Asks: 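This structure is in C-alpha cells; I'll ask about it shortly.
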Amino acid sequence: MRYRPFGRSGAAISNLTLSLGFDALSRGPDQAKELIYSALESGINAYRLETADPILAEVVGQALSHIDRKLVCVSLALGRGDGRRGHERDFSAEGMTGAIDRALHVSGLGWIDTVLLEEPQEHELPQASLNALKALRSTGRVRLLGVAGDGEVMDVYVSTGAFDVLSTPFHVNSGWPVRNRIRTARDMDMAVFAYGYFPDTLTTARKAASSDAPKKGLFGFGGAKRPKETPLAGAGTFAFLHQTHSWDAESICLAYALTEPSISSVLVSVDHADRLAVLAHVTERDMPPGLAAQIEMARVSAHAA
C-alpha cells in the first residue's frame with residue numbers, strides 16, 4: 001500500500017479507502033469486521049461509513065478499537081439518513097449533530113476525521129447547519145468538513161472555501177468539468193476522495209465497446225456500424241479494458257484513477273477479502289506501457305462523438 005498527503009490536515013492516507021455500508025453488513029457483523037481486519041493487513045488506514053447507521057458505526061469502532069486511533073482516518077457520510085427513518089435526507093443542524101453524536105457514542109472512536117455531506121443541492125444546506133458542523137470541528141469531535149457529489153453545484157461548494165475535503169466521481173471517461181473541479185480543490189488545499197472509478201458503462205466488454213455514441217456520417221446521417229467480427233471492432237472505445245493481458249478492467253480503472261496526483265484516496269466498496277486484496281495490490285503496480293495513451297484516445301473519442 002502507498003500513502004498520500006491528506007490535504008491541509010498533514011495526515012498520510014492510504015491510496016485506498018474502504019467504503020462500508022449496508023452491503024458490508026448484509027453478511028453479518030462478524031464478516032464485516034473480518035473485512036476491516038483484511039483491509040488493515042493490506043495497509044489500508046482509511047474507512048468511510050456510508051451512513052450514520054448505529055450498527056455500522058459500532059462494528060467499525062469495534063474492529064478499529066485495537067489500533068492507535070491517530071493512525072486511522074474515519075469518514076462519515078451525512079445526508080442519507082442513519083437507518084432510523086429509512087433513507088430520508090436530512091441536512092438540518094439537529095439531524096446531523098444527532099447522527100454524529102450517536103455514531104461517536106456507539107463506536108467509541110472519539111472523533112470523526114471527516115464528515116462528508118452527500119450531494120447537497122444549492123438550497124438544501126442551511127447556514128445554521130454549516131455553523132453547527134463548524135462548532136463540532138472547533139471542539140475536535142469532527143476534524144474536517146467535506147462535500148461529496150457531482151454536478152455544477154459542487155463547483156459552488158468548493159468555491160466557498162468552507163470545506164476541507166471534496167469527494168467526487170472520477171474514472172477513465174471523466175470530462176473536463178470534473179477534472180477542473182479536482183484541480184480547483186487541490187489549489188485550495190482541499191483533500192480529494194475519488195469514487196465511481198469503475199462505472200457501470202465499463203463493466204462488460206460489450207458496454208465498454210459502446211460507451212461512446214456512434215459517429216455521424218456524411219450530412220449528419222448515422223454512419224455505418226463496423227461489424228463486430230472485424231479486427232478493428234471496438235477501436236476508439238474502451239473495449240481494450242477487457243483485453244489487456246494479466247489485468248482485469250476494474251484494476252485498470254483503479255490504477256488510472258491513482259495516476260491523478262490531486263486525488264488523495266480512492267473509495268472502494270467490496271464484500272469479500274479476496275477481492276479487496278486484488279485491489280490493494282493494484283496500488284503497487286504500474287499500468288502497462290501505452291495503456292494511458294489508449295485511455296486518453298478513447299476518452300477524447302467518446303467526448304467528441
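Predicted model only: the values in this text are computed from it and were never measured.
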Asks: Other residues, nucleotides and ligands only: do more than 12 of their heavy atoms fall within 6.0 Å of CD on Q127?
Replies: yes
Asks: Within 45 degrees of the axis of the six-membered ring of W176 and under 6.0 Å from its centre: does R299 put its NZ or CZ there?
Replies: yes
Asks: If only side-chain N and O atoms count, and only distance matters, is there a donor-acceptor pair under 3.5 Å linking R48 with S75?
Replies: no
Asks: Which residue, E118, E124, Q121, forms the side-chain hydrogen bond (donor to acceptor under 3.5 Å, both in side chains) with R89?
Replies: E124
Asks: Between R27 and D271 (side chain of the first, backbone of the second, donor and acceptor by atom type, cut-off under 3.5 Å), is there such a pair?
Replies: yes
Asks: For A191, give me all partners under side-chain contact (heavy atoms from CB on, under 4.5 Å), at least two apart in sequence or on another chain.
Replies: F6, V165, S264
Asks: Heavy-atom count around H123 NE2 within 6.0 Å, excluding the residue itself: above 12?
Replies: no
Asks: Which residue is it: L144, V158, D164? I am looking for the one with a side-chain contact (heavy atoms from CB on, under 4.5 Å) to M190.
Replies: V158
Asks: So that I can tick it off, tell me whether R69 and D113 are bridged by a salt bridge, with the cut-off set at under 4.0 angstrom between side-chain N and carboxylate O.
Replies: yes
Asks: Would you say the side-chain atoms of H242 pair up with the backbone N or O of L202, donor to acceptor, closer than 3.5 Å?
Replies: yes
Asks: Using atom types as modelled and distance alone, determine if a side-chain donor or acceptor of S107 lies under 3.5 Å from a backbone N or O of G61.
Replies: no
Asks: What are the two closest heavy atoms between L78 and F91, and how far apart are they?
Replies: O-CE2, 3.8 Å
Asks: Judged by atom type as modelled, is there a donor-acceptor pair below 3.5 Å linking the side chain of R181 to the main-chain atoms of G151?
Replies: yes
Asks: Between the main-chain N or O of L267 and the side-chain N or O of S19, is there a donor-acceptor pair closer than 3.5 Å?
Replies: no
Asks: Within a radius of less than 6.0 Å around CG of L291, do more than 12 heavy atoms belonging to other residues, nucleotides or ligands occur?
Replies: yes
Asks: Using a 3.5 Å distance criterion without hydrogens, assess whether the side chain of R179 forms a donor-acceptor pair with backbone atoms of S174.
Replies: yes
Asks: Examine the side chains of D53 and T51 and answer whether a donor and an acceptor come within less than 3.5 Å of each other.
Replies: no
Asks: Considering the options I263, L116, T168, L166, which one meets the side-chain contact (heavy atoms from CB on, under 4.5 Å) requirement together with F193?
Replies: L116
Asks: Hey, mind stepping through I112 and R141 against side chain to side chain contact (heavy atoms under 4.5 Å, CB included) and telling me if it holds?
Replies: CA-CA 6 Å; I112 300 297; R141 291 171 68 78; over 6 Å; no
Asks: Side chains of S251 and D248: do they bring a donor and an acceptor to under 3.5 Å?
Replies: yes
Asks: Establish, for the pair R285 and W247, whether the NZ or CZ atom is under 6.0 angstrom from the six-membered ring centre and no further than 45 degrees off its axis.
Replies: yes
Asks: Any side-chain to backbone donor/acceptor pair from T203 onto P199? Under 3.5 Å, distance only.
Replies: no
Asks: I need the minimum non-hydrogen distance between V266 and Y197, along with the two atoms involved.
Replies: CG1-CD2, 3.6 Å
Asks: When the ring planes of Y157 and F163 are compared, do they come out parallel, tilted or perpendicular, using 30° and 60° as the limits?
Replies: perpendicular
